[in-house]
Q: 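Quick one: structure below, then a few questions.
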Protein chains: 2
Amino acid sequence: MRAGIFWGFCSKTFNGVIVINETYAKILEIAYRLFAEHGFDKTSLSMIAKEVGISKPAIYYHFPSKDVLIDVLFDEIAKEIDFSKSFSIQDYTKDNFEAKLLADGCRMIEDQRQDEYFPRILNEYMIRGSRNEPKYEQRFHAVTEGFASGFEELLTHGAKLGAVPDERITAKAHMLTMVIDNIGNFMMIGFKFNYEDIWQEAVKSVLRSEG
Amino acid sequence: MRAGIFWGFCSKTFNGVIVINETYAKILEIAYRLFAEHGFDKTSLSMIAKEVGISKPAIYYHFPSKDVLIDVLFDEIAKEIDFSKSFSIQDYTKDNFEAKLLADGCRMIEDQRQDEYFPRILNEYMIRGSRNEPKYEQRFHAVTEGFASGFEELLTHGAKLGAVPDERITAKAHMLTMVIDNIGNFMMIGFKFNYEDIWQEAVKSVLRSEG
DNA sequence: GTCTATACCTGGATAGAC
DNA sequence: GTCTATCCAGGTATAGAC
């Protein structure tokens with residue numbers, strides 16, 4: 001569960017005492033869920049205020065505008081997505097490579113199953129980014145690029161170990177990126193595919209040598 | 001270009017003469033572009049009316065509501081997406097299997113490159129479908145399911161021909177579906193990947209046998 | 001920090017003339 | 001078939017009291 005991811009951000013230290021701004025965090029928390037459920041446009045500040053248990057104008061004390069709220073939320077979310085959190089390259093050896101790549105992917109799939117809001121809100125930001133809002137486009141690029149280059153690094157590492165055939169590493173890395181990324185989307189729209197099987201297929205395919 | 005895809009729908013025959021309802025078609029045409037560019041919510045009927053060159057209430061003569069307009073548009077678009085239009089199974093032989101699968105996918109990628117609006121608006125409908133609007137969810141499922149089962153049929157056919165190893169056909173078909181589907185998304189957000197290479201990698205991987 | 005009240009705008013949709 | 005005029009709901013955001 002990602003239920004408490006916003007608490008860290010809003011804590012500050014006064015005279016050595018950690019003070020947590022509860023309302024600020026709660027707004028982000030509720031907004032996260034409502035934005036994911038209904039989208040940015042169809043989620044009004046009234047809805048957020050209502051669920052937080054405050055009045056609409058009270059939100060404006062914490063955030064100067066709805067756009068800024070959306071913006072701050074993205075910064076928090078983007079921190080959560082990191083290739084190295086799911087795949088730690090240094091733990092991969094020649095012997096465990098296939099099994100570990102499979103297991104790490106499956107764990108990521110399971111994480112996505114646990115939090116249905118995550119791919120939804122990510123998609124909202126993706127759309128925003130793609131509609132000439134360079135601010136989000138850039139950051140979104142960075143996130144996905146992190147996975148693409150992460151897989152490339154991992155496969156290069158695997159090639160050095162002799163666990164991965166040293167051919168077309170970039171294309172293979174990008175294929176893995178597209179598969180793991182789309183699993184979230186397909187879950188979102190409710191497809192009951194066997195995602196672990198699909199991931200296994202993808203993993204095997206990059207480890208098989210040209211035939 | 002898909003510039004004329006709405007003309008067929010709105011033509012009717014009177015006394016043997018084909019009459020085309022120009023405004024009706026023009027509204028769909030403009031709406032298609034604006035919805036893709038700005039999303040359903042941020043595209044108002046005023047914007048559409050302005051670009052069509054009529055007043056806002058005039059739209060209501062042709063469509064009872066904005067929702068119905070969105071609805072009708074989907075019916076038109078859904079007709080365009082069909083696995084068999086991109087991959088015609090009967091033309092696949094043992095000898096041409098790999099080359100043809102590669103070529104058909106590349107043609108589809110090229111089509112997507114030509115019409116940037118298509119993946120955008122498709123994404124809009126996907127979101128709609130995933131937000132408890134069972135109407136769209138069902139139809140969207142049908143579209144994607146068509147590709148999944150299409151690839152499965154194609155690979156089964158390939159296995160009979162001896163061009164594809166007869167293992168894990170379903171997982172392989174689903175992997176191809178997810179790769180080809182996500183290429184549109186990645187193009188949408190502006191990634192300059194070498195999609196033909198990625199597709200080639202996916203194709204090769206399903207044709208390689210275990211080991 | 002949070003409230004009530006309110007300003008201001010823009011959305012979808014309708015009435016009725018032409 | 002298309003218009004002008006209008007309605008009303010709901011949005012973001014602000015003023016000012018507490």
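Residue numbering restarts at 1 for every chain, and letters A, B, ... go by the order of the sequence lines.
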Q: Separation of A/Tyr24 atom OH from C/dT2 atom C1', in whole Å?
A: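 It is 18 Å, rounded to the nearest whole Å.
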Q: Check whether more than 12 heavy atoms from other residues, nucleotides or ligands sit under 6.0 Å from atom NZ of A/Lys85, and answer yes or no.
A: yes
Q: Please report the distance, rounded to the nearest Å, between NE2 in A/His62 and C1' in C/dG1.
A: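 After rounding, the reported distance stands at 6 Å.
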Q: Please write out the pairs of protein N or O atoms and N or O atoms of nucleotides 8-12 of chain C separated by less than 3.5 Å, giving the distance to one decimal.
A:
residue, atom, partner, partner atom, Å
C/dG12, OP1, B/Lys66, NZ, 2.8
C/dG12, OP2, B/Leu45, N, 2.9
C/dG12, N7, B/Lys56, NZ, 2.9

Q: Between A/Gln200 and A/Glu196, is there a side-chain donor-acceptor contact under 3.5 Å, judged purely by atom types and distance?
A: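 No, no side-chain donor-acceptor contact under 3.5 Å.
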Q: How many Å lie between NZ on A/Lys50 and C1' on D/dG11, as a whole number?
A: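 Nearest whole value for this atom pair: 16 Å.
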Q: Nearest 0.5 Å, please: how far is CD1 in A/Ile169 from CD in A/Glu152?
A: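 It is 8.0 Å, given to the nearest 0.5 Å.
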Q: Does NZ or CZ of A/Arg139 fall inside the cone over A/Tyr136's six-membered ring, less than 6.0 Å from its centre and within 45° of the axis?
A: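 Yes.
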Q: Can you name the side-chain contact (heavy atoms from CB on, under 4.5 Å) partners of B/Glu124, sequence neighbours left out?
A: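 So B/Glu124 forms a side-chain contact (heavy atoms from CB on, under 4.5 Å) with A/Ile127, A/Arg131, B/Phe40.
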Q: B/Tyr32 vs B/Tyr117 aromatic rings, parallel, tilted or perpendicular, using cut-offs 30° and 60°?
A: perpendicular
Q: Is a side-chain donor-acceptor pair under 3.5 Å present for A/Asn182 with B/Asp181?
A: yes
Q: Indicate yes or no for a side-chain donor-acceptor contact from B/Ser88 to the backbone of B/Asp91 under 3.5 Å, with no hydrogens or angles considered.
A: no
Q: Does the side chain of B/Ser55 get closer than 4.0 angstrom to OP1 or OP2 of D/dC3 through an N or O atom?
A: yes
Q: Of all the nucleotides listed (D/dT2, D/dC3, C/dG1), which has the minimum atom distance to the side chain of A/Tyr61?
A: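 Selected nucleotide (nearest to the side chain): C/dG1.
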Q: In whole angstrom, what separates B/Ile59's CD1 from C/dT14's P?
A: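 In whole Å, C/dT14 P lies 13 Å from B/Ile59 CD1.
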Q: In chain order, what residues pass the side-chain hydrogen bond (donor to acceptor under 3.5 Å, both in side chains) check against B/Ser65, with sequence neighbours excluded?
A: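 Listed in chain order: nothing, the list is empty.
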Q: Could you list the protein-to-nucleotides 16-18 of chain C atom pairs, N/O on both sides, closer than 3.5 Å?
A:
none

Q: How close or far is atom P of D/dG1 from atom CZ of B/Phe63, stated in whole angstroms?
A: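 Checked: the CZ to P distance equals 13 Å.
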Q: Just how large is the angle between the end axes of the helix from C/dG1-D/dC18 to C/dC18-D/dG1, five pairs per end, to 10 degrees?
A: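 The end axes of the helix from C/dG1-D/dC18 to C/dC18-D/dG1 are about 0° apart, to the nearest 10°.
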Q: How would you list, by chain and number, every residue that makes a ring-ring contact (aromatic ring centres under 6.0 Å, His included) with B/Phe151, sequence neighbours excluded?
A: B/Phe83, B/Phe87
Q: Using modelled atom types and a 3.5 Å cut-off, is there a donor and acceptor pairing between side-chain atoms of A/Tyr125 and backbone atoms of A/Phe74?
A: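 Yes: the side chain of A/Tyr125 pairs with the backbone of A/Phe74.
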